[in-house]
Amino acid sequence: MNEFCSIAPDVKLGKGVRLSKFINLYGCEIGDETKIGAFVEIQKNAKVGRRCKISSHTFICEGVAIEDNVFIGHGVTFINDSYPRATTPEGELQTESDWHVETTVIKRGASIGSGATILSKVVVGENSVVGAGSVVTRDVPPNVIVAGSPAKILRSITSKARAKND
């Protein structure tokens, strides 16, 4: 590890993981041969699979599960709370016990374009592509390209196109 990484002792790093400088990892799990770019934060109870690429300036919050062979572009943000609040109904600052983590799953082989925002409680299907700058508000089926805000299906990805990228 290098001096510009903040990696908590409870982080589980697989074999051959490559870490850039200026990262913050705590309580998460990173699979074998995954590459983590600069200025990435991965929170507790988040999981990143094997052979993934997480590009710089990305935020992966608690409750996010990223399966194997996934590409995450620069500056991607994940959300884990549909109705975030700073305080309780009584006006006190919220603590972890005041809210429930909502999960998000990025399936095997998916690609998330730079600047995308992925809301909680969604699944991005296997081999799907989320266009840069998109806001994903609902599940994305496998083998499609989605883009926009909110993200909508643009087209299917054929098996021929998938084979070219394998």
Side-chain angles (χ1 to χ4, degrees), residues 1-130 132-140 151:
M1 302 303 153
N2 65 51
E3 64 184 306
F4 299 109
C5 290
S6 177
I7 302 171
D10 58 354
V11 171
K12 295 178 185 173
L13 293 176
K15 293 179 185 177
V17 171
R18 292 185 290 167
L19 302 173
S20 295
K21 293 182 179 182
F22 308 109
I23 60 172
N24 188 23
L25 308 178
Y26 51 98
C28 59
E29 184 176 333
I30 312 295
D32 298 344
E33 301 174 34
T34 286
K35 181 180 178 185
I36 308 290
F39 303 104
V40 168
E41 178 168 339
I42 305 176
Q43 292 186 327
K44 69 179 182 176
N45 302 320
K47 183 177 180 181
V48 177
R50 300 176 69 214
R51 293 176 308 281
C52 294
K53 182 178 180 187
I54 311 299
S55 301
S56 67
H57 299 87
T58 288
F59 175 70
I60 301 172
C61 56
E62 181 176 7
V64 173
I66 297 172
E67 294 184 354
D68 298 342
N69 306 329
V70 169
F71 172 82
I72 305 290
H74 300 278
V76 172
T77 301
F78 291 86
I79 309 295
N80 65 1
D81 188 347
S82 297
Y83 302 99
R85 297 286 183 257
T87 58
T88 65
E90 296 78 29
E92 298 296 319
L93 194 60
Q94 279 194 352
T95 65
E96 282 190 45
S97 64
D98 294 314
W99 63 283
H100 172 72
V101 173
E102 298 170 344
T103 61
T104 299
V105 178
I106 310 300
K107 293 289 199 173
R108 179 181 176 86
S111 292
I112 310 295
S114 294
T117 299
I118 313 298
L119 272 59
S120 59
K121 302 190 290 188
V122 300
V123 175
V124 175
E126 281 193 25
N127 302 311
S128 286
V129 175
V130 173
S134 296
V135 178
V136 177
T137 60
R138 61 179 69 119
D139 289 353
V140 175

Heavy-atom closest contact (I60 atom, A46 atom, distance): CG2-CB, 4.0 Å
Of all pairs that satisfy salt bridge (charged side-chain N to carboxylate O under 4.0 Å, His left out), the ones with a partner from residues 104-118, not counting sequence neighbours: E67-K107, D68-R108
Would you tabulate the side-chain donor-acceptor contacts of residues 33-43 under 3.5 Å, counting partners in other chains and residues two or more places apart, or write 'none'?
unit_1	atom_1	unit_2	atom_2	d
T34	OG1	G31	O	3.4
T34	OG1	G49	O	2.7
T34	OG1	R51	N	3.3
T34	OG1	C52	N	3.1
E41	OE2	Y26	OH	2.8
Q43	OE1	E62	N	3.0
Q43	NE2	Y26	OH	3.2

Pairwise salt bridge (charged side-chain N to carboxylate O under 4.0 Å, His left out) hits with a residue in residues 76-86, at least two apart: none
Result block: side-chain N/O donor-acceptor pairs under 3.5 angstrom for residues 109-125, not counting sequence neighbours:
unit_1	atom_1	unit_2	atom_2	d
S114	OG	H74	N	3.0
S120	OG	S82	OG	3.4
S120	OG	E102	OE1	2.5

Side-chain touch L19/L25, heavy atoms, less than 4.5 angstrom: yes
Spacing of N45 atom CG and T103 atom OG1 [to the nearest 0.5 Å]: 12.0 Å
Atom pair CD1/CD1 of I23 and I7 - distance to nearest 0.5 Å: 4.5 Å
N-O pairing of D32 and K15 below 4.0 Å: no
Any donor-acceptor N/O pair, T137 side chain to A151 backbone, under 3.5 Å: no
N69 side, atom CG; R50 side, atom CZ - distance, nearest 0.5 Å: 8.5 Å
Residue pairs, two or more places apart or on separate chains, that pass ring pair (Phe, Tyr, Trp, His ring centres under 6.0 Å) and touch residues 79-105: none
Residues that E92 engages under side-chain hydrogen bond (donor to acceptor under 3.5 Å, both in side chains), provided they are two or more places apart: none
Shortest non-hydrogen separation from F78 to C61 and the atoms involved: O-SG, 3.4 Å
Point-to-point distance, once rounded to the nearest 0.5 Å, from CD1 of I79 to CZ of F59: 8.0 Å
